[in-house]
Amino acid sequence: MNDQSITSIRPDDAEAIEALFALPFNDLLYRAHTVHRRHFDPNEVETCALLSIKTGGCSEDCGYCSQSARHEGPASRGTPIMDSDEVRAAAKRAKAQGARRLCMGAAWRGPKQAHLERIVEFIRIAKAEGLETCMTLGFLSEEQARQLKEAGLDYYNHNINTSPEHHANIVTTHTFEDRIETIANAQKAGLKVCCGGILGMGESRRDRARMLQALAQLPEPPRSVPINVLVPMPGTPLENAPPLEPFELVRTIAVARILLPTSRIRLSAGRHAMSDELQALCFFAGANSIFLGEKLLTTDNATPERDKALFAQLGIVPRPQEKHAGSTETRTSKTA
Ligand code: SAM
Ligand code: DTB
Ligand code: SF4
């Protein structure tokens, strides 16, 4: 195999993507790790904190989500949007724990105009603590995306979650194409996009391949790609979904690394249930970002103490935090 065929693959070649998944495990990991080293420091992992600024009571029926008002999940009833003091306290905690970015999530189909003033204030608060900012608020119009960009937002998260073919089995209140439109609106506004999906929702390997293909075929590749493993939530349609086979997670990360060579791949939800050895394999396969902090949105995360111990054992260092509030990024990696 020559150097070029190890590292490159055409995103429109569905068969070649499925063939990657089917490679012997060691061959796949070798290829993914070769790509990884070419673009990133393999011993540096980015850390992002999560904050649920508005929890539960959502109009959508996403089958995995505890925050849908249409399921009997633990957060099906909504709470009001947080106030500025709560966001400031969370931002200070995230900074003290070593997070580089604060990702703020709301259980909305999309933000109303009245919400955006609050959101703009939250962006200002997080930036003043020297954090990069990310928002995940649901669907955005082009105009809303522009307003967020003007407010200084760095990243917008909007996941495709699964393959185009499997999407309707998971959600009926919106379509896969609706999600693509919001991602395009965010990219048009100049926001960096964070977009990924969830594994373990009864999808096939072909669906996993098609999801990664769809990510690689976005107008621009997402800067950040969260790979979540379903956290089965009581009261949701997917509460009894069969668990994902762990090597399949590693394979998916490896194929994501080969298809999206310059994107940060985040080992996201579900980490608290993973062994240290499984996480180490994911880092070798190309994952180079995690959520740091006791909580994700409504569920537990791996603890910061456990993450610190794991990083020390593996010789991994966190990607450095921003130096000054509102400064441009410190680029220590070969690509951001
Ligand atoms: N409402 C907005 C939306 O759907 O885009 C933003 C918040 S939503 C909770 C953010 C993402 O969390 C979802 O797109 C999904 O990928 C992830 N997520 C939600 N529940 C999850 C679960 N039980 N397990 C894994 N990931 C989950
Ligand atoms: C992402 O891809 N995963 C995060 C973040 N983006 C918003 C959310 C994970 C949620 C896990 C389930 C919960 O805590 O409710
Ligand atoms: Fe949950 Fe977001 Fe779907 Fe609402 S739109 S049910 S918050 S994943």
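For ligands, and for the atoms within them, numbers begin at 1 and follow the listed sequence.
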> Closest non-hydrogen protein atom to atom 11 (C) of ligand 1, residue and atom name please, with distance?
Replying inline: Asn159 ND2, 3.9 Å
> How far apart are the C-alpha atoms of Asp207 and Arg210, what are their side-chain angles, what is the distance that settles it, and do they pass the salt bridge (Lys or Arg N to Asp or Glu O under 4.0 Å) test?
Replying inline: CA-CA 5 Å; Asp207 287 310; Arg210 293 278 295 124; over 6 Å; no
> Heavy-atom contacts under 4.0 Å between Leu297 and ligand 1: side chain, backbone, both, or neither?
Replying inline: side chain
>> Checking Asp61 against Thr172: is there a side-chain donor and acceptor pair closer than 3.5 Å?
In response: yes
>> If we count only N and O atoms by modelled type, under 3.5 Å, do the side chains of Tyr64 and Asn161 hold a donor and an acceptor together?
In response: yes
> Hey, which atoms in ligand 1 end up nearer than 4.0 Å to a heavy atom of Asn161?
Replying inline: 13 (C), 14 (O), 15 (C), 16 (O)
> Picking from Lys192, Lys127, Lys149, what satisfies side chain to side chain donor-acceptor pair (under 3.5 Å) with Asp154?
Replying inline: Lys127
>> Between Tyr155 and Thr133, is the side-chain contact (heavy atoms from CB on, under 4.5 Å) condition met? List the steps.
In response: CA-CA 6 Å; Tyr155 288 80; Thr133 51; over 6 Å; no
>> Within a 6.0 Å radius of atom CD on Glu117, are there more than 12 heavy atoms belonging to other residues, nucleotides or ligands?
In response: no
>> Is it the case that the ring center of Phe139 lies less than 6.0 angstrom away from the ring center of His158?
In response: yes
> Is there a heavy atom in Ala106 that sits closer than 4.0 Å to ligand 1?
Replying inline: yes
> So, is Cys65 polar-close to ligand 1, with some N/O to N/O distance under 3.5 Å?
Replying inline: no
> Tell me: protein heavy atom nearest atom 6 (C) of ligand 1, and distance?
Replying inline: Thr136 OG1, 3.2 Å
> Considering only protein heavy atoms, which is closest to atom 8 (S) of ligand 3, and at what distance to one decimal place?
Replying inline: Tyr64 OH, 3.4 Å
> Is a side-chain donor or acceptor of Glu203 paired with a backbone partner of Met201 at a separation under 3.5 angstrom?
Replying inline: yes
>> side-chain contact (heavy atoms from CB on, under 4.5 Å), that's the test. Do Arg257 and Leu28 meet it? Break it down for me.
In response: CA-CA 10 Å; Arg257 170 50 66 225; Leu28 176 58; over 6 Å; no
> Which protein heavy atom lies closest to atom 20 (N) of ligand 1, and at what distance to 0.1 Å?
Replying inline: Tyr64 CD1, 3.4 Å
> Do you see a protein non-hydrogen atom under 4.0 Å from atom 1 (N) of ligand 1?
Replying inline: yes
Could you pull out all donor-acceptor pairs under 3.5 Å where a side-chain atom in residues 15-26 meets a protein atom, sequence neighbours excluded?
| unit_1 | atom_1 | unit_2 | atom_2 | d |
| --- | --- | --- | --- | --- |
| Glu18 | OE2 | Arg206 | NE | 3.1 |

> Atoms of ligand 1 less than 4.0 Å from Ala269 heavy atoms?
Replying inline: 25 (C)
> At a 4.0 Å cut-off, with the gap strictly under it, does some heavy atom of Gly105 reach an atom of ligand 1?
Replying inline: no
> Where's the contact between Ile198 and ligand 1, heavy-atom distance under 4.0 Å: side chain, backbone, both or neither?
Replying inline: side chain
> Which residues pass the salt bridge (Lys or Arg N to Asp or Glu O under 4.0 Å) test with Lys188, sequence neighbours left out?
Replying inline: Glu142
Ligand 2: which protein N/O atoms lie under 3.5 Å from its N/O atoms?
| unit_1 | atom_1 | unit_2 | atom_2 | d |
| --- | --- | --- | --- | --- |
| ligand 2 | 2 (O) | Asn159 | ND2 | 2.9 |
| ligand 2 | 2 (O) | Asn228 | ND2 | 2.8 |
| ligand 2 | 3 (N) | Asn228 | OD1 | 2.9 |
| ligand 2 | 14 (O) | Leu297 | N | 3.0 |
| ligand 2 | 14 (O) | Thr298 | N | 2.8 |
| ligand 2 | 14 (O) | Thr299 | N | 2.9 |
| ligand 2 | 14 (O) | Thr299 | OG1 | 2.9 |
| ligand 2 | 15 (O) | Thr298 | N | 3.2 |
| ligand 2 | 15 (O) | Thr298 | OG1 | 2.5 |

>> Can you tell me if Glu86 has over 12 outside heavy atoms packed within less than 6.0 Å of its CD?
In response: yes
> Pick one: which of Arg101, Lys92, Lys95 meets salt bridge (charged side-chain N to carboxylate O under 4.0 Å, His left out) with Glu129?
Replying inline: Lys92
>> Does either side chain, that of His174 or that of Arg109, offer a donor lying less than 3.5 Å from an acceptor on the other one?
In response: no
> Would a 4.0 Å cut-off, counted as strictly less than, catch a protein heavy atom around atom 24 (N) of ligand 1?
Replying inline: yes
> Would atom 2 (Fe) of ligand 3 count as contacted, meaning some protein heavy atom under 4.0 Å?
Replying inline: no
> Any idea which atoms of ligand 1 are less than 4.0 Å away from a heavy-atom of Met233?
Replying inline: 23 (N)
>> Regarding ligand 1, does Gln67 bring an N or O atom to under 3.5 Å of one of the ligand's N or O atoms?
In response: no
> Numbering the atoms of ligand 1 from 1, which are under 4.0 Å from a heavy atom of Gly138?
Replying inline: 2 (C)
> Who gets closest to atom 4 (O) of ligand 1 by heavy atom: Arg179, Arg109, His158?
Replying inline: Arg179
> Tell me, which protein N/O/S atoms are under 2.8 Å away from atom 3 (Fe) of ligand 3?
Replying inline: Cys62 SG
>> Whether the side chain of Gln144 engages the backbone of Pro111 through a donor-acceptor N/O pair (distance < 3.5 Å, no angle test) should be reported.
In response: yes
> Is the closest side-chain donor-acceptor distance between Ser224 and Arg266 under 3.5 Å?
Replying inline: yes
>> side-chain contact (heavy atoms from CB on, under 4.5 Å), that's the test. Do Met233 and Thr298 meet it? Break it down for me.
In response: CA-CA 10 Å; Met233 301 301 292; Thr298 66; 3.9 Å; yes
>> In terms of relative ring orientation, are Phe283 and Phe311 parallel, tilted or perpendicular, with 30° and 60° separating the classes?
In response: perpendicular
